[in-house]
2 protein chains.
Amino acid sequence: MIRPAVALIGSFRQHYPHVLAAAQVFLDNGIAVKSPPMSWITNPGREFVRFASDPPRSSDHAIQAGTLEKIFASDFVYVVNPGGYIGRTTAYELGRVRERGLAVFYAEPPEDLPIDVPEGTVVSALDLAIAIGRGTGVRPRPIRRPRVAALPTADIVIFTIRLGRLHVLLVKRGTDPFRGKLALPGGFVRPGESLEDTAMRELKEETGLDSSGIRLRQLHTYSHPQRDPRGRIVTTAFLAIAPNLPEVTGATDAYRADWVEVEESLWQNGGRLAFDHGVILQEGLERARQLLEHTTVGLDFCGKHFTISELREVYEAVWGVKVNPQNFQRKVRNTTGFVVKTKEKRTSRPGAPAELFRRGTAHILYPPMMRPGQQQRTRRENQPTNMV
Amino acid sequence: MIRPAVALIGSFRQHYPHVLAAAQVFLDNGIAVKSPPMSWITNPGREFVRFASDPPRSSDHAIQAGTLEKIFASDFVYVVNPGGYIGRTTAYELGRVRERGLAVFYAEPPEDLPIDVPEGTVVSALDLAIAIGRGTGVRPRPIRRPRVAALPTADIVIFTIRLGRLHVLLVKRGTDPFRGKLALPGGFVRPGESLEDTAMRELKEETGLDSSGIRLRQLHTYSHPQRDPRGRIVTTAFLAIAPNLPEVTGATDAYRADWVEVEESLWQNGGRLAFDHGVILQEGLERARQLLEHTTVGLDFCGKHFTISELREVYEAVWGVKVNPQNFQRKVRNTTGFVVKTKEKRTSRPGAPAELFRRGTAHILYPPMMRPGQQQRTRRENQPTNMV
DNA sequence: GGAATAGTGTCTATTAGACACTATTGT
DNA sequence: ACAATAGTGTCTAATAGACACTATTCC
């Protein structure tokens, strides 16, 4: 649980003392104040207020952009509007904030601005601070519980195997934050889309190919309040598995997309992934490993026709261990519905010509493929255990 | 290619003739004008302008909401601001529009509003119309791709076993939508909370007891755009498992919380659950069944001390099948770290006194507990299969 | 005493893992 | 010729499922 944060907006030029007083109330009640800075005004009387903490040489709209960033990084917005007055800059900020979906509360009912003011959103700073504070204090007036709006995004962990090694698709970020760092492909949910729609669209855009045959599986949703410096962004990670795609080009976006070896991207390079994508990749990898045990997704790495050795190499690449070829062969062939023999054979490397298979109808492997080296094993004898 | 559409904003009160003139220019060049209506003003001189085509009885902000809808339905926005003047309502609309990512063009450079005006966006209506009509020049490109803000919520599927049957905690909704229907407990994410924080807080509130020992697992995130009639609400479902709790009272909220038998809530009663909670419950149940196979969560249903028969009844209740008592006994006792024998015995029902156990250190069962009736089984012989 | 339960022993079918072996190819 | 690969056979240890059996309790 992170300390909640508020941004105060309003006509600083006219009402700065009121703003300071309200900010103090929030601070006294354990709520962080992201904006305005607790500073002093250097150009009193001017239309656009500047604070001593603002960089003196930057333009008005650069300062305003910084203010909006701080506002978006907070959990809710409090409008300080004595007499109901809301100026033009505040009106503009209010539009941005409301379109973004942040919760907005008002000190007084807004005058002369035709906006919807829901029941319970006109409230004093103290009442609001008390209602938010974790103390179950008395709520003197009915106020709507502050809800947090978030921008949902979908990020994709897509694996493939190249030269016998597991690779993941990463993009180099072209914009801040984390400009130049590697990140998982993904993007924001657009109007009318579900997370699955977004993931599929992004996958198409990033790989630049027909990904209609690629199945997406939801992995996990990451919602830590500070996981993205831009504000409240909640991402849902998806897992996808692709057969060996020859080349990939980021089709629509300026940044480049490339296959990177998984081990390398996780441990090497000093180059940590952007945001929490390192964790997401790690957890996606573990999920892929589990899926190989229990389902037939290993086939998704292969083309339409494949040999059992190729399938084994998939398991070895994903699991990161060697698998006994003979026993693997028998397990695969003896599991109903896993693979179906074709009449063709392939003879590429030294050795007997290998039979070609195509996928069977099964999707679940029960009993599962046993992953080596996981043995917790049952005990041989019923010895008296005394684990604490 | 659909006919492009523009929305004009600006101070209609002061500049309506300019607005009409600009609109005519767009119309003459084959561009649709979504807003304002080509109508006349019924309340000249008043702060908030009303048109003859507006419903006369509706409130200012209802009309404004309709206007915003039309603006958002257009492809770009043209700000009619003679002398650079932008009023407060226009500033608010501008904020909404820019946050939405729509392209914005200005008749003149905006004065006294600290916003970013990109190169080439100050342009006459005629130039703009021609550029768009010809398709050659300035293409209205979104400043930023439209994003959707959503309210994240956490819903909880919490199971327990009462009288040998699996129960789930459901609440009766006290407000619309779905007033009076049963739903999963849950709620909106509050400032500073992660989804996990929200789920834990709601669980405490709903069960009204110390749930510090209860572990939450994320299940799935449901994001269909129309899954909640109130708007864009994205819910993440969590799974929790509780030992037999004697009674539950919804502590903070007006609605009642009660344990309901799972089979009943899913199939019977004609009473479908609210929202998509029926699906969530179904998928949560399947996940719980899988977890019992692969982990020691079955112990979470039991108290601190338990007999092996009690644990078996947990498996039977969740899986919905009978389990062979002898083999279950052996499997549990022979799996290292699953359970630890205590020195006590319990003698409640007819039969020999049962030994009491407590939980071991293991969390993962490998190899797993085999769930009966899942057999896809491997083949006895390597028969030629011909599955399609 | 009869029924129900707890716990152990035993048998069978199946499987994972290990290894031997043959057949077939590229170099 | 040699090394590498494909595929089959066989042995061992472990396990799931089935059932028999004893001991202990409640009614």
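Naming: A, B, ... by sequence-line order, numbering from 1 per chain. For clarity, every value in this text was computed on a predicted model and none was experimentally measured.
- Of the residues near DNA chain C, B:Arg349 and A:Ala352, the one whose nearest nucleotide (by heavy atom distance) lies more toward the 5' end is B:Arg349.
- Ion pairing between a basic and an acidic side chain is recognised when a charged N comes within 4.0 Å of a carboxylate O; B:Arg287 and B:Glu293 show no such pairing.
- As rounded to whole Å, 18 Å separates atom P of C:dT5 from atom CD of B:Glu355.
- Rounded to whole Å, the distance from NZ on B:Lys345 to P on D:dT25 is 8 Å.
- The interatomic distance linking B:Asn334 (CG) with D:dG17 (P) rounds to 14 Å, in whole Å.
- Here the P atom of nucleotide D:dA16 and the CD atom of B:Glu293 are 13 Å apart, to the nearest Å.
- Sorted by residue number, the members of residues 307-317 of chain A with any non-hydrogen atom under 4.0 Å from DNA chain D read A:Ser309, A:Arg312.
- Using cut-offs of 30° and 60° for the angle between ring planes, the A:Tyr315 and A:Trp319 rings count as perpendicular.
- Mapping B:Thr347 and B:Pro368 onto DNA chain D via the closest heavy atom, the residue that lands nearer the 5' end is B:Pro368.
- With 3.5 Å as the limit, one finds no donor-acceptor pair spanning the side chains of B:Glu286 and B:Gln282.
- Between the side chains of A:Arg333 and A:Gln329, at least one donor N or O sits under 3.5 Å from an acceptor N or O.
- Put simply, NZ on B:Lys331 is 9 Å from P on D:dG17, counting in whole angstrom units.
- Inspection of the A:Asp155 and A:His277 side chains reveals an N or O donor paired with an N or O acceptor under 3.5 Å.
- Taking the six-membered ring where the residue is Trp, the centroids of A:His220 and A:Tyr222 are separated by under 6.0 Å.
- Around CZ of A:Arg165, the count of heavy atoms belonging to other residues, nucleotides or ligands within 6.0 Å does not exceed 12.
- Place B:Pro353 and A:Ser348 on DNA chain C by their nearest nucleotides, and B:Pro353 ends up nearer the 5' end.
- In the model, A:His167 has no side-chain atom that pairs as donor or acceptor with a side-chain atom of A:Glu261 under 3.5 Å.
- For residues 314-324 of chain B, the pairs satisfying salt bridge (charged side-chain N to carboxylate O under 4.0 Å, His left out) are B:Arg312-B:Glu316, B:Glu316-B:Lys322, with sequence neighbours left out.
- Distance B:Arg333 CZ to D:dT15 C1': 18 Å, rounded to the nearest Å.
- If you measure from atom NZ of B:Lys341 to atom P of C:dA6, you get 15 Å, rounded to the nearest angstrom.
- Separating the CZ atom of B:Arg346 from the P atom of C:dA6 is a distance of 11 Å, rounded to the nearest angstrom.
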Table of protein N/O atoms under 3.5 Å from nucleotides 19-22 of chain D N/O atoms:
{"unit_1": "D:dA20", "atom_1": "N6", "unit_2": "B:Gln326", "atom_2": "NE2", "d": "3.3"}

